[in-house]
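Structure record follows, encoded as structure tokens.
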Amino acid sequence: MDIKFEKREQLKEKPDQTKLGFGKYMTDYMFVMDWDRENGWHDARIVPHEPMLMDPACVTLHYAQETFEGMKAYRTKNGKIQLFRPEMNARRMINSNARLCMPEFPEDMFVEAVEELVRVERDWVPSEPETSLYIRPFMFATESSLGVHMANSYKFVVICTPVGAYYAEGVNPVRILVEDELVRAVKGGTGFTKCGGNYAASILGQVKAEEQGCTQVLWLDGVERKYVEEVGTMNIMFKINGEIYTAPIEGTVLPGVTRDSIIHILKDWGYKVNETKLSVDDLMKAGHDGTLEEAFGTGTAAVISPVGEFVYKDDKITVNDFKTGDLTQKLYDYLTGIQWGDEEDKYNWTVEVC
Ligand SMILES: *Cc1c(COP(=O)(O)O)cnc(C)c1O
């Protein structure tokens, strides 16, 4: 790809690395590329991160033709910068775009765009423990028209934001509300894609959860409200009687890169991993009879997030006395060790950028 570079007149001041939070500060530059029917993808460029001009009739504002990805660049102890399985994000975006009738952004171009932007923004990759540069590739329709159809033009953009540890207080168990009324996804829908529309529909569940003192929602299947699927922005896994259970990828659950990585590691460590439907009744039963040993969410932002309690209708169960389980902690340490370059990368998951 021939990527043009437009220099900023003045670089921004970098924020305090101990107070980054999540997604508050945007870096100096962004990658942009355009697509239209005649020219396909063209005009790759890295330009100052600035507001974009948009016609009020832009179809994305009306019909939500938008998909996105989430990944990170990590600074290792010896100062190098690496990505984690970026090709998985590229392929997932291809699948998301196919479902939303948006043009395919080729895998090699996706990885090159991300790598080149990270190289330009290398000074923005923080070095404090558990900090990283969060990378947000996204695509949206740019056509101005109120007709509902596949648009004639799209933009692919990548922005970056330095982030701190997802939970400022450290990895502590969270309380989760099992949502028994609203649904996130059904088969045939967009549950397996990362699209803005899925999130728009999930915020009401999040608000309900927060009203009940929970930080996240556990979504059940959209047909019977019977089987556990995933948590707001994470996949979820349970350790019951020494075995691991997680929902299968069958159209409604997002195929997480972290989920896939953790399954690999668990199998290597000799655990039986059941990618099968688990009913919420069986989960609550396992919680009451003591066979539910650990539960944790997996996702790029928080990596591994232990669950301390599930609230379902009038019932609730506490997991491992509301403490982070041994396996949960071990997985967190090992996976973050690979990502930040402290553990040997025996799976070849990391990609050095500079
Ligand atoms: C992004 C996301 C995940 C986690 O995927 P990772 O690739 O591990 O970050 C899980 N569930 C939903 C709904 C998501 O949007």
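Hydrogens, waters and symmetry mates are skipped; everything else that's a heavy atom, side chains included, is used. In listed order, ligands and their atoms are each counted from 1.
- Scanning the protein for heavy atoms near atom 15 (O) of ligand 1, the closest one is Tyr199 OH, 2.4 Å.
- Of the possible donor and acceptor atoms, one in the side chain of Asp345 sits under 3.5 Å from a partner among the backbone N and O of Thr350.
- Proximity of a side-chain donor or acceptor of Glu294 to a complementary backbone N or O of Leu327 within less than 3.5 Å is detected.
- Remark: of the listed residues Asp34, Thr142, Asn39, Thr142 is the sole one forming a side chain to side chain donor-acceptor pair (under 3.5 Å) with Ser153.
- Checking only distances, Lys194 does come within under 3.5 Å of ligand 1, N or O to N or O.
- Of the protein's non-hydrogen atoms, the one nearest atom 5 (O) of ligand 1 is Gly256 CA, 3.4 Å.
- Between the side chain of Thr161 and the backbone N or O of Met26, no donor-acceptor pair lies under 3.5 Å.
- Between Asn89 and ligand 1, no N or O atom pair is found at a separation short of 3.5 Å.
- The N/O atoms of Val257, backbone and side chain alike, include one that comes under 3.5 Å of an N/O atom in ligand 1.
- The contact set between ligand 1 and Gly232, taken as ligand atoms under 4.0 Å from a residue heavy atom, comprises 13 (C).
- Taking a cut-off of under 4.0 Å to the non-hydrogen atoms of Asn235, the atoms of ligand 1 that pass are 10 (C).
- A salt bridge between Lys226 and Asp221 is absent, with no side-chain N of the basic residue lying under 4.0 Å from a carboxylate O of the acidic one.
- Checking side-chain atoms of Glu121 against main-chain N and O of Tyr29 turns up a donor-acceptor pair under 3.5 Å.
- Backbone and side-chain nitrogen or oxygen atoms of Thr258 are examined, and one is located within less than 3.5 angstrom of a nitrogen or oxygen of ligand 1.
- Closest protein heavy atom to atom 12 (C) of ligand 1: Glu230 OE1, 3.4 Å.
- Within the 3.5 Å criterion, the main-chain N or O of Thr300 finds a donor-acceptor partner in the side chain of Thr258.
- Salt-bridge annotation for Arg259 and Glu275: present, with a side-chain N of the basic residue lying under 4.0 Å from a carboxylate O of the acidic one.
- For ligand 1 and Arg92, the ligand atoms under 4.0 Å from any heavy atom of the residue are 5 (O), 6 (P), 7 (O).
- Atom numbering of ligand 1 starts at 1 in the shown order; those under 4.0 Å from a heavy atom of Gly299 are 4 (C), 8 (O), 9 (O).
- When heavy-atom distances to ligand 1 are checked against a 4.0 Å cut-off, Met88 has no atom that comes that close, whether in backbone or side chain.
- Counting heavy atoms closer than 4.0 Å to ligand 1, residue Thr233 contributes backbone atoms (N, CA, C, O) but none from C-beta onward.
- When atom types are taken as modelled, the side chain of His62 and the backbone of Gly147 share no donor-acceptor pair closer than 3.5 angstrom.
- For the pair Thr300 and ligand 1, the shortest N or O to N or O distance falls below 3.5 Å.
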